Number of protein chains: 2
Amino acid sequence: MYTRAEENYLKCIFHLEQEQKGAIATNAIAQMMNTKASSATDMIQRLADKELVAYRRYKGTSLTKEGVAVAVAVVRKHRLWEVFLVEKLNFQWDEVHEIAEQLEHIQSEELITRLDKFLDHPDYDPHGDPIPDKDGNIKKTEKKVLSDMSKNQQGILVGVRETSGEFLQYLDKRKIAIGSKIKVLGIEFFDGSMIIQVKEEQFFISKKIAENLYIQVLHKNQ
Amino acid sequence: MYTRAEENYLKCIFHLEQEQKGAIATNAIAQMMNTKASSATDMIQRLADKELVAYRRYKGTSLTKEGVAVAVAVVRKHRLWEVFLVEKLNFQWDEVHEIAEQLEHIQSEELITRLDKFLDHPDYDPHGDPIPDKDGNIKKTEKKVLSDMSKNQQGILVGVRETSGEFLQYLDKRKIAIGSKIKVLGIEFFDGSMIIQVKEEQFFISKKIAENLYIQVLHKNQ
DNA sequence: AACTTATTTTAGTTGAGACTAAAAATAGAA
DNA sequence: TTCTATTTTTAGTCTCAACTAAAATAAGTT
Ligand SMILES: [Mn+2]
Ligand SMILES: [Mn+2]
Ligand SMILES: [Mn+2]
Ligand SMILES: [Mn+2]
């Protein structure tokens, strides 16, 4: 078994590897972990001793096979608990992350197996992120960020990048949710802002918002 | 917020206070916590600094009002989670304690409020122990241990003292469960063993078993 | 009361995981 | 290439929660 801190660092490195290719900088890890670079170095070295990461000083860090396995297991637990909180306890999707940050560290294979079954083997969490299966396989949907779409394209909102309460509440207020059909009506080239259509309503959204919405593009006949 | 270790010590002291009156000996705490007396002293002194316990060196420890409140909140969480594990995830009653030991430390008022509602505000956990309400009130039933009952008395099994897997499986094997009606058919004065009747069947049980079964005594007409 | 034993506390270490400050390495600019 | 700014690592310190060994206190026995 690994400690809570070890699990959190592994998960952090895993998420960073999803976004960038190549070794992860110590500073990036420290920043995401809300800690100092020296603390990150410290932990990275411990993880390297345990062969959970490959680490070359000054060069960066990457997860080993075992490191990935541990990280994915934690992500699986996190997302399953988020589903539980929303589906069974009726939390809003912006309220569950902090609690799942705690629940993801509960150690019991059997618990997760049964929770997964109780939830009817969900494929996605409330934010549209895929839930790894028991063997660590992650169903990856080819999605693009809304800001990369062009005029008149349309698609389904399948996920969000940001998960802060403020952002999710911003979406709620506009009734934009996972599964919403979104059409790009116009793009302002100067600042990347957009006019989009969701159901009957049209919204102006900044580039910053558009960069945090994952869309599965629909083609003509869909 | 208190640390996991602090919560565990407070809960431990709480349970000891339920069984004995007066200040709790350091050794008793150390023993229940599976640690050394010196470690217990250390933590007790920290708890005393935070005014969670009243402590007089060499004399013993007792919980303050605040200490009781923290302990009861942890017990509430522990028992609610046990109900969840048994009622919703279909665990056996002997499998849930270890997992609940972890879940009881999850920090979220809202989570417990919603879990309680989801479970339909249960009064007792799977082992027959009362679940404190949100304000810390514990419904105490006057129960006695089976070994204190006399011949021909009968009652309902309302709780177990031991919660080890071996003991609970022993009961399962004999189909003795919370709610079972038990009648004392005979007592052997030499060793305190008993012959009891449960439904249609009769069992011989040792004094040790009888001391770990809590019974609500039924009178003549019940 | 004095001696012996059991309990409890103190003193000193350890490891995990954080921190600050200083040193070392790397990358970018001149 | 050499200087400078940035990144990263090392060294040393801190707190929490455990440990062992030794000292202090309490309890029990003769
Ligand atoms: Mn989350
Ligand atoms: Mn999520
Ligand atoms: Mn329990
Ligand atoms: Mn219980």
Side-chain angles (χ1 to χ4, degrees), chain A residues 1-14 16-17 19-63 67 70-71 74 101-102 104-105 107, chain B residues 1-14 16-17 19-63 67 70-71 74 101-102 104-105 107:
Chain A
M1 291 308 100
Y2 301 101
T3 68
R4 178 160 312 225
E6 286 167 342
E7 287 189 345
N8 282 332
Y9 270 94
L10 292 172
K11 182 164 62 96
C12 163
I13 298 166
F14 175 79
L16 288 168
E17 284 189 337
E19 304 208 332
Q20 317 152 33
K21 56 234 99 277
I24 306 301
T26 300
N27 249 8
I29 296 170
Q31 192 176 353
M32 184 171 278
M33 291 297 294
N34 285 312
T35 187
K36 298 302 164 71
S38 55
S39 302
T41 299
D42 212 65
M43 176 58 88
I44 290 164
Q45 289 172 344
R46 276 201 299 277
L47 294 175
D49 288 344
K50 299 185 181 183
E51 298 186 51
L52 292 164
V53 300
Y55 164 65
R56 287 178 34 244
R57 21 207 284 288
Y58 291 107
K59 297 300 183 176
T61 303
S62 57
L63 294 176
V70 174
V74 174
E101 284 292 307
Q102 299 181 62
E104 72 188 3
H105 300 292
Q107 308 278 8
Chain B
M1 292 308 99
Y2 301 101
T3 68
R4 178 160 312 226
E6 286 167 343
E7 287 190 346
N8 282 331
Y9 270 94
L10 292 171
K11 183 164 62 96
C12 163
I13 298 166
F14 175 79
L16 288 168
E17 285 188 337
E19 305 208 330
Q20 315 153 35
K21 57 235 101 275
I24 305 301
T26 300
N27 249 8
I29 295 169
Q31 191 175 353
M32 184 171 278
M33 291 298 295
N34 285 311
T35 188
K36 297 302 164 72
S38 54
S39 302
T41 299
D42 213 66
M43 176 57 88
I44 291 164
Q45 288 173 343
R46 277 202 298 276
L47 294 175
D49 287 344
K50 299 185 180 183
E51 298 186 51
L52 293 164
V53 301
Y55 164 65
R56 287 177 34 242
R57 27 207 278 293
Y58 292 106
K59 298 299 182 177
T61 303
S62 57
L63 294 176
V70 174
V74 175
E101 284 292 306
Q102 299 181 62
E104 72 188 4
H105 301 291
Q107 307 278 10

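In what follows, every chain begins at residue 1, and chains take the letters A, B, ... in the order their sequences are listed. Bear in mind that the values here come from a model prediction, so they are computed numbers and not experimental data.
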Length of the [atom1]-[atom2] vector between [X] and [N], whole Å:
X: B:N34; N: D:dA18; atom1: CG; atom2: P; result: 11 Å
X: B:I29; N: D:dA17; atom1: CD1; atom2: P; result: 15 Å
X: B:R4; N: D:dC16; atom1: CZ; atom2: C1'; result: 14 Å
X: B:R56; N: D:dA26; atom1: CZ; atom2: P; result: 10 Å
X: B:L47; N: D:dC16; atom1: CG; atom2: P; result: 12 Å
X: B:K59; N: D:dA24; atom1: NZ; atom2: C1'; result: 14 Å

Below 4.5 Å, heavy atoms only, C-beta onward: do [X] and [Y] meet side chain to side chain?
X: A:E7; Y: A:Q107; result: yes
X: B:Y9; Y: B:T35; result: yes
X: B:K50; Y: B:E6; result: yes

For A:T26 and A:A37, work out which heavy atoms get closest and say how close.
CG2-O, 3.8 Å

Can you see which heavy atom on A:K21 is nearest to which on A:E19, and at what distance?
NZ-O, 4.2 Å

Residue-level proximity of residues 35-46 of chain A to DNA chain D when a heavy atom falls under 4.0 Å:
A:A37, A:S38, A:T41, A:Q45

Within 6.0 Å of CD in B:E51, more than 12 heavy atoms from elsewhere
no

Take atom CD of A:Q102 as the centre, draw a 6.0 Å sphere, and report whether it contains more than 12 heavy atoms from other residues, nucleotides or ligands.
yes

Report the residue (A:A5 or A:R57) whose heavy-atom-nearest nucleotide on DNA chain C is the more 5′ of the two.
A:A5

Taking for A:K50 and for B:A28 the nucleotide of DNA chain C with the nearest heavy atom, the one nearer the 5' end belongs to B:A28

At under 4.0 Å, does any side-chain N or O of B:Y2 touch on OP1 or OP2 of D:dA17?
no

Hey, could you give me the OH/CD1 distance between B:Y55 and B:I13, rounded to the nearest 0.5 Å?
11.0 Å

Shoot me the first and last contacting nucleotide of DNA chain C against chain A, ordered 5' to 3', at under 4.0 angstrom to non-hydrogen atoms.
C:dG17 to C:dT26

Thinking salt bridges, do A:E104 and A:R4 make one under a 4.0 Å N-O criterion?
no

